[in-house]
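Remember, it's a predicted structure, so these values are computed and weren't measured experimentally. In what follows, chains carry the letters A, B, and so on, assigned in the order in which the sequence lines appear, proteins first and then strands, with residues in each chain numbered from 1.
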Protein chains: 2
Amino acid sequence: MLARVSSAPTFKRLPRAIREQQMLDAAVRVFSRRGFHAASMDEIADDAGISKPMVYAYLGTKEELFVACLHREAARMMEAIAGAAAPDLPADQRLWRGLRAFFGFVGAYRDGWAVLYRQARGSQPFAGELAAMRARLVEVVAGMLDHALRAEGREVAETELEVVAYALVGASESLGDWLADHPDADPEKTATRMMNAAWLGAGQLLRGATWRPPAA
Amino acid sequence: MLARVSSAPTFKRLPRAIREQQMLDAAVRVFSRRGFHAASMDEIADDAGISKPMVYAYLGTKEELFVACLHREAARMMEAIAGAAAPDLPADQRLWRGLRAFFGFVGAYRDGWAVLYRQARGSQPFAGELAAMRARLVEVVAGMLDHALRAEGREVAETELEVVAYALVGASESLGDWLADHPDADPEKTATRMMNAAWLGAGQLLRGATWRPPAA
DNA sequence: GCGTAACCTTACGTACGAGTAGGTATGCTG
DNA sequence: CAGCATACCTACTCGTACGTAAGGTTACGC
């Protein structure tokens, strides 16, 4: 029986590499609009125009599939940022280009990035992956700041540097979330605003200005 | 039969109001260590030292229970912050006290706050609740900044103010996450660092200093 | 001292979704 | 054009956990 009755164009067979990408695309879409748990493998398969066992054959279990999504998106993002912020530029330019690339990425892959990212924070199995990725980012930013300060002849304790870098990355992530939630907002403008706050604030801070808590 | 054999103290019957609080306590614990979906109503009931139908009778379905948790924690947090940042203090004091209260709260209710908060971002049903709560916070912070600037005779467009406020709130949330992940970190110190970045950076920014993107 | 209401229980129905078994078609290599 | 590996399918098993039915027990008013 096996209804091959459909008048629809009997879908072509595709090589594994391509189908895998299609599946990942579908998985990102579904994970992002449903959340990890509410997403069903059936829906993902359906969305990819394929049947469920294929997904299992190529990408493995649901968790493995999610991790694969995470890795692909993370790699894309890191590539975009690293590619934009060439190390031979002056520091403010590097930070600016990096931020612009970051927000550009978030703007382009709105549902992709934002929700994957949001999802990954909650559930134990993926928190580690995310933490590693964030650590790499923090390191890069801290390197930028350090470079800039050395050029001015200043030096700052590593811990302090890292906290500031962490704050910058955190603020950017938050504005990334904000951007993903406001489809009509402009990534470029958002990047400019972030750059303002970052450069002015962190700049002052690392240059030695401090605010001290009152005695009370 | 109905094994009332346990040598444990036959648990006293308690009035509804108290049991509800115990259930909420348990729910927060379990949600925070398992995540919304992986948490089972059975485990929550067990953790509360009560049986499942009681939970349904008092707090309703799983989603309703989670929302109840969210509301209680949010209310506690807003109260802590608002109570600390009395409106008759000078602006920097208000911001400082607010931040200190915020990080103090996060530090005290580590698993409570952080994971509830992280959970709520992912799943559709709760995103709205969280957005509303954050909006209130942003409004408060924007009010503080506005107040401070008016005192100096300056005035800033409302949109701009809101974005800065959003960035501050976002950065604080991120550092809150960080704090929740580092059990040996000091809330007070974290608050000081945040205050430094916020006051110096935002202060400059709102006072008219700007960084402009290069032509290229 | 007794009923009524609120508290609390064990034990189930049921649905949904992860993962699999086993079989069919199609392109490539000789 | 044989045959083999790879792409692909339908249809199932089975565990898990939400939500509920129906009944037992303690406190409190009269």
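When rounded to the nearest whole Å, the span between CG of B/Leu14 and C1' of C/dA6 equals 13 Å. Regarding A/Met54, its CE atom lies at a distance of 7 Å from the P atom of D/dA7, rounded to whole Å. Atom-to-atom, CD of A/Glu20 to P of D/dT6 comes out at 14 Å; the value is rounded to the nearest Å. Rounding to whole angstrom units, CZ of residue B/Phe66 and C1' of D/dA17 are separated by 18 Å. Straight-line distance from the CG atom of B/Asp46 to the P atom of C/dT9: 10 Å, rounded to whole Å. Distance, B/Phe31 CZ to D/dA17 C1': 13 Å, rounded to whole Å. When rounded to the nearest whole Å, the span between CD1 of A/Ile18 and P of D/dT6 equals 17 Å. Distance A/Leu65 CG to C/dG17 P: 16 Å, rounded to the nearest Å.
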Protein and nucleotides 18-22 of chain D: nitrogen or oxygen contacts under 3.5 angstrom:
unit_1 : atom_1 : unit_2  : atom_2 : d
D/dC18 : OP1    : B/Ala39 : O      : 3.2
D/dC18 : OP1    : B/Met41 : N      : 3.3
D/dC18 : OP1    : B/Lys62 : NZ     : 3.2
D/dC18 : OP2    : B/Met41 : N      : 2.8
D/dG19 : OP2    : B/Tyr56 : OH     : 3.2
D/dG19 : OP2    : B/Lys62 : N      : 3.1
D/dG19 : N7     : B/Lys52 : NZ     : 2.9
D/dG19 : O6     : B/Lys52 : NZ     : 2.6

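Rounding to the nearest 0.5 angstrom, the gap separating the CD atom in B/Gln22 from the CD1 atom in B/Ile18 is 7.0 Å.
Shown here are the ring-ring contact (aromatic ring centres under 6.0 Å, His included) partners of A/Tyr117, two or more places apart in sequence or in another chain: A/Trp113. Taking the ring-ring contact (aromatic ring centres under 6.0 Å, His included) definition, one finds that A/Phe126 meets it with A/Phe36, A/Phe66, sequence neighbours left out. Judged as a side-chain hydrogen bond (donor to acceptor under 3.5 Å, both in side chains), and not counting sequence neighbours, the contacts of B/Asp146 are B/Arg150. Listed by chain and residue number, A/Trp178 satisfy the ring-ring contact (aromatic ring centres under 6.0 Å, His included) test with A/His182 (two or more places apart in sequence, or in another chain).
A salt bridge is defined here as a Lys NZ or Arg NE, NH1 or NH2 lying under 4.0 Å from an Asp or Glu carboxylate O, and B/Glu43 with B/Arg33 meets this definition. No salt bridge links A/Arg134 with B/Asp177; every basic N to acidic carboxylate O contact stays at or beyond 4.0 Å. Checked for salt-bridge contact, A/Glu73 and A/Arg76 meet the test: a charged N lies under 4.0 Å from a carboxylate O. A salt bridge does not link A/Arg193 with A/Glu188: every distance from a Lys NZ or Arg NE/NH1/NH2 to an Asp or Glu carboxylate oxygen is 4.0 Å or more.
Not one side-chain nitrogen or oxygen of A/Arg19 sits closer than 4.0 Å to the OP1 or OP2 atom of D/dT6.
Each end of the helix from C/dG1-D/dC30 to C/dG30-D/dC1 gets its own rotation axis from five pairs of C1' atoms, and the angle between them is 10° to the nearest 10 degrees.
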